[in-house]
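Data block below; observations after.
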Amino acid sequence: MLLLSFQVSANIELNASVDRNPVMERESFVLKIEANDSVNTNDLDLSSLQKTGFIVGRTATGSQTQIINGSIQKSTTWSVVLTAKQQGIYTIPALKLANASTSPIEVNVVRASSSKDYKDESIFIKNTLETSSLYVQQSVKLTTKLYISPQVQLQSGSLSEPTLDGALIQQQGKDKDATEIINGIRYRVIERIYTITPQSSGDFTVVSPTFNGDVTAPSRRRSAFSSFSQSKPVTAFGQDFTINVQPIPTSYTGVWLPSSIVQLNEEWSPSKDTFDVGEPITRTITLTALNVNEEQLPEVSGQYPANVKVYPDQSKTHSVVRQNALVSQRITSEAVVANAPGTYTFPEVKVTWFNTKTKRQDVATLPAKTITVVGNEITTTTLDNTAGNQPLNGASANKNQQSDCDCNLAGTSDNTDKLGLAYWIGLGSGWLAFIIMLLIYIFRSNKPTPNQTVSLDVNSPQKFDINELKRACLSHQANTTSSLLAEWITTNFPECTSYDDAKKHMSAELIMSIDDLNKARFSQTQNGWKGELLWQAISKFNKSKSTVSKSQFLPPLNKA
């Protein structure tokens, strides 16, 4: 067997030829390599073609076996599509397979017509580069249009991305399909937009995208009953561009952000200048920049004085092409809660950036903002009750000696102290709200809803407002939170008839936070309860449920 294999390898003959010579610039031709035996098509190394100066397109392989007069003849072929960008004399090197090799082929590429109307091309590419001079990490837009004549029938094709050493290249949006008339011929036009972001300075060449496809070529063999057609490979490419990338100026300070326009905007919700103590304020800061990759936008956050708590959300970035410009944004949201009354001034927010038009450093600024925080009646009373060191009267002193049960607290009704009266009003209001919500819960639980389904997605439309529960938690209002929490449990667990049943579907963190709320509500001093942990547990629960709900509606990855 080894001797036979050696004999077969020794008898292999390898021949190479081209279907035309000379060829014109931008014209595709086919290099055909043929072996006189059946061999593995992967054994022929074609990598040397990449160094010839030709654009190497698709490679088609095939094998054939014929029996003629009892003699078996086998052959293996490779068909490689090559295209030259410029005129000149090119050499296709010798290709080797086992002990056989082809002879080098010299190809003469002649200059094409000087006309730029592409009237003789059925498929061609036009590229448009926004600018050829830019700074490092500045994004430039490349628009590529693929023109397809109606005279050709495109069977298949693919368009590669442009290339630039050491650069980030991204396609923006989806392909646009349109038509355009050139020299009286209506071409189909497929437009694709790329953003190119060089990561180092110097002179570079942006290599055009390349289209490789197959079109239908009618055969001359025809009969009255049928017609034959075969595919023909085509290759098209556009103009390459040389760009100059400048480094970061030595005088620049701060985070490098090259752009033509940078803006900072903010939004306060609710939109007013006076707030209550403990009232959550949502501050949304939006950083917008042109011709910058969204990943390059720096994080932006405000600075806040003492007695102000901040709960930042994770920032979000996105980019879109609008009016022939790449617009990138970073949106940051912060929940701000003031714990004491007073006047607060939030300092201005600054982002340094480099103006690519004026060639100098610039600053985008949000002006300082001043708000007034006042104490509401319940919050002020609670703060006075805890902060004051006044001695309690006899009725108030007996509170610490009595049971936590609200029935035993009735003996203090004769207390005429203002703080004690406010305490009883708050406690009574809380119990009244709890009883009302309990009755609603029992009524809803007994109502037959056999076909009802409740979405666990917090973004789905429903009567319950999750933002009210968030404000109550962050404002540390125990009674209000308890009322809203009962409604939240009813909405999310309609199949459960009690809190104990609902606990089976809750996380340990959420159960612990609810138990802390109940302990604080039924204790004698409710002012020590803080609602941040409860809201965090609710948010995690909603996100986990939303993820599970959405995953159930994902389409299958593989379709039959």
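Since the model is a prediction, treat every value here as computed from it, not as a measurement. We number each residue from 1, following the sequence as shown.
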Verdict with reasoning, I12 to N99, per side-chain contact (heavy atoms from CB on, under 4.5 Å)
CA-CA 8 Å; I12 290 180; N99 295 327; over 6 Å; no
Any side-chain to backbone donor/acceptor pair from [X] onto [Y]? Under 3.5 Å, distance only.
X	Y	value
W78	T59	no
S315	R330	no
T356	P258	no
S507	L510	yes
N291	V140	no
N40	N42	yes
S328	V292	yes

Residues [X] and [Y] bridged, charged N to O under 4.0 Å:
X	Y	answer
R192	D175	yes
D45	K96	no
K309	E532	yes

First locate atom [atom1] of [X], then atom [atom2] of [Y], and finally report the distance between them rounded to the nearest 0.5 Å.
X	Y	atom1	atom2	value
Q87	N108	CD	CG	9.0 Å
T102	L31	OG1	CG	8.0 Å
F29	T83	CZ	OG1	7.5 Å
S75	E13	OG	CD	12.5 Å
F54	Y90	CZ	OH	6.5 Å
S133	Q138	OG	CD	8.5 Å

So do [Y] and [X] actually touch side chain to side chain, heavy atoms under 4.5 Å?
X	Y	result
Q296	T197	yes
Y304	R283	yes
L297	W353	no
E106	I89	yes
T52	L82	no
P93	P104	no
L142	F241	yes
N293	T195	no

So does [X] have more than 12 non-hydrogen atoms from other groups sitting under 6.0 Å from [atom1]?
X	atom1	value
R188	CZ	no
K174	NZ	no
R20	CZ	yes
Q171	CD	yes
Q86	CD	no
D165	CG	no

Which atom pair, heavy atoms only, marks the closest approach of [X] to [Y]?
X	Y	result
S79	V30	CB-CG1, 4.0 Å
P162	I169	O-CD1, 3.1 Å
T352	G254	OG1-CA, 4.0 Å
T76	D37	OG1-O, 2.7 Å
V109	A84	CG2-CB, 3.6 Å
F354	P249	CE1-CG, 3.7 Å

Whether the [X] and [Y] side chains hold a donor-acceptor pair (N or O, under 3.5 Å, no angle test) is what I'd like checked.
X	Y	answer
Q329	T286	no
N127	T144	yes
T216	Q155	yes
Y194	E161	no
S251	Q361	no
N212	T235	yes

Given I92 and V18, is the side-chain contact (heavy atoms from CB on, under 4.5 Å) satisfied, shown in steps?
CA-CA 10 Å; I92 298 177; V18 293; 4.0 Å; yes
Derivation of the side-chain contact (heavy atoms from CB on, under 4.5 Å) call for V262 and D362
CA-CA 9 Å; V262 174; D362 212 333; over 6 Å; no
S319 vs L326, side-chain contact (heavy atoms from CB on, under 4.5 Å): CA-CA, chis, key distance, verdict:
CA-CA 7 Å; S319 60; L326 176 64; 4.0 Å; yes
Apply side chain to side chain donor-acceptor pair (under 3.5 Å) to T365 and E348, showing your working.
CA-CA 7 Å; T365 306; E348 61 183 5; 5.3 Å; no
Look at the aromatic rings of Y147 and F124 and report parallel, tilted or perpendicular, splitting at 30° and 60°.
parallel
Steps toward salt bridge (charged side-chain N to carboxylate O under 4.0 Å, His left out) verdict (K32, D19)
CA-CA 8 Å; K32 184 177 181 180; D19 64 343; over 6 Å; no
